[in-house]
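Right, one structure below, let's go through it.
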Number of protein chains: 2
Amino acid sequence: MARPRSFDPDDVLEIARQVFWRKGFQATSLDEITAASGIAKPSLYAAFGDKNALFLKVLDRYHDGILGWAERTLAQPAPAREAIRQWLTGFIPYCSGEKGQHGCLSINSATDGSLDQAEVRNSIERYNRRLEDLLRARLRGSRAEFRKGFDPDVTAHTIMVVHAGLLALAHQRPDSKQVKAVIDQVMGLLA
Amino acid sequence: MARPRSFDPDDVLEIARQVFWRKGFQATSLDEITAASGIAKPSLYAAFGDKNALFLKVLDRYHDGILGWAERTLAQPAPAREAIRQWLTGFIPYCSGEKGQHGCLSINSATDGSLDQAEVRNSIERYNRRLEDLLRARLRGSRAEFRKGFDPDVTAHTIMVVHAGLLALAHQRPDSKQVKAVIDQVMGLLA
DNA sequence: CTCATTATCTACTTCTAAGTACAGAATAGG
DNA sequence: CCTATTCTGTACTTAGAAGTAGATAATGAG
């Protein structure tokens, strides 16, 4: 009964994600997104709202992707240490410059002072909380695997810190062997 | 023989640092710096060059400050673990939201995709290398304090990762007790 | 005191990027 | 086939910010 949309919004969010990831929120112009996607600005505005709203959708989608993967990986029947090692290991391409040197969109956004809109901060905070919840739950549930006095809560946060650190330092393209060595060393805390 | 400058360049760099730190490079306008410093744009341009050059000077100065402090702290005669713990502990106010929630200017800049000018990247890379060199040298020199098989090189990098992670996560204002607990746990690797 | 020199200030230009108006195109239902 | 409705594309407006021109002020040398 009306003209149908000529594009799949999810495709456009994927393209927008790439551009935002590479250049950051502020430095990305909508013109670059229209150039990359072939979708003109009025269509973007109609479909997603303004630049802030578009970015928020991109970020939420990104968060959901990572959380989904974390859920799958951490739910494995393997020992907690191996599940977590595997989860961290999966980030190595993003930590070592193999998949570009852009690290993590969420961490890049968290450290971006220009993004002080409440909704973005909330999205990032919710994401971090859910990720840490997953780690904490896994460690608590596997307490039997660890020494007496092992603190799953502190350890979950330490892993969050290491994860963030690896992805923050991704921007200097460290060698993947070095990243792996750090993960191995930190896994020594899970005992 | 000519009109003297009416301001101390170092004062202006300090003010510019605060603004850049809070809002990031892209989102900071020179008008904000003139407003904060009282120095008009032509004077800024005459003294520092364009916005990129000003930011680079601010960043270099920031790096020098942190490196100087790291040198002093790590040169202590105390055991390496205590010297490093003290160094990391010094960042707690910046990691926990006590001194704002802006983390580290260098890490924020490293994760800022809009800052891909080679000079900024080089400054950050040189800073990270020098910092890691300090840690590595300290750990190598104190090898006698550690178990057989202790790897000072990997450990130095792990500490860099934790340091970066703590300051990246600073933007969500974690509790300082939590930050301290992570540092304590990681110091367990220095044995 | 006067001048050469450099700093400063106001006001401007220029450019980029966000957001939009409006005309034209595509569809489903009648 | 015709029309209401929604999408699309060109071209625009507007705002903000980088960078500068040109006049004016402050200093030290002579």
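Sequence lines set the chain letters: A, B, ... in the order given, protein chains first and strands last, and positions in each chain run from 1.
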* Asked: Within this structure, what is the CG-to-P distance between B:Asp8 and C:dT8, rounded to whole angstrom?
  ->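 Atom CG in B:Asp8 sits about 12 Å away from atom P in C:dT8.
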
* Contacts to DNA chain D from residues 30-55 of chain B, heavy-atom cutoff under 4.0 Å, which residues? ->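 B:Leu30, B:Lys41, B:Pro42, B:Tyr45, B:Asp50, B:Lys51 - these, ordered by number, are the residues of the stretch whose heavy atoms sit under 4.0 Å from the strand.
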
* Residue whose closest nucleotide on DNA chain C lies nearer the 5' end, A:Phe25 versus B:Arg5 ->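 Closest to the 5' end, via its nearest nucleotide, is B:Arg5.
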
* Asked: Any ion pair linking B:Glu132 and B:Arg129 (charged N to carboxylate O, less than 4.0 Å)?
  ->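 Salt bridge absent between B:Arg129 and B:Glu132.
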
* What string of B, S and - do you get for nucleotides 23-30 of chain D, 5' to 3', when a contact is any protein heavy atom under 4.0 Å? -> --BBBS--

* Would you verify whether the NZ or CZ of A:Lys51 falls within 45 degrees of the ring axis of A:Tyr45 while also being under 6.0 Å from that six-membered ring's centre? =>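 The answer is no, since A:Lys51 fails at least one limit relative to A:Tyr45.
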
Does any non-hydrogen side-chain atom of [Y] lie less than 4.5 Å from one of [X]?
X: B:Trp87; Y: B:Ile159; result: yes
X: B:Cys95; Y: B:Leu169; result: no
X: A:Leu166; Y: A:Ile183; result: yes

* Is the backbone N or O of B:Glu32 less than 3.5 Å from a side-chain atom of B:Ser29, with the two atoms forming a donor-acceptor pair by type? ->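 Yes; at least one donor-acceptor contact below 3.5 Å.
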
* To do: Taking only the side-chain nitrogens and oxygens of A:Ser6, find out if one of them lies under 4.0 Å from OP1 or OP2 of D:dT8.
  =>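 True: A:Ser6 side-chain N/O within range (under 4.0 Å) of D:dT8 OP1/OP2.
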
* To do: For A:His171 and B:Thr111, test the side chains for any donor-to-acceptor distance below 3.5 angstrom and give the result as yes or no.
  =>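 Not at all, the side chains of A:His171 and B:Thr111 share no donor-acceptor pair under 3.5 Å.
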
* Tell me yes or no: between the side chains of B:Gln86 and B:Glu82, is some donor less than 3.5 Å from an acceptor? =>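 Checked: B:Gln86/B:Glu82 side chains show no N/O donor-acceptor pair below 3.5 Å.
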
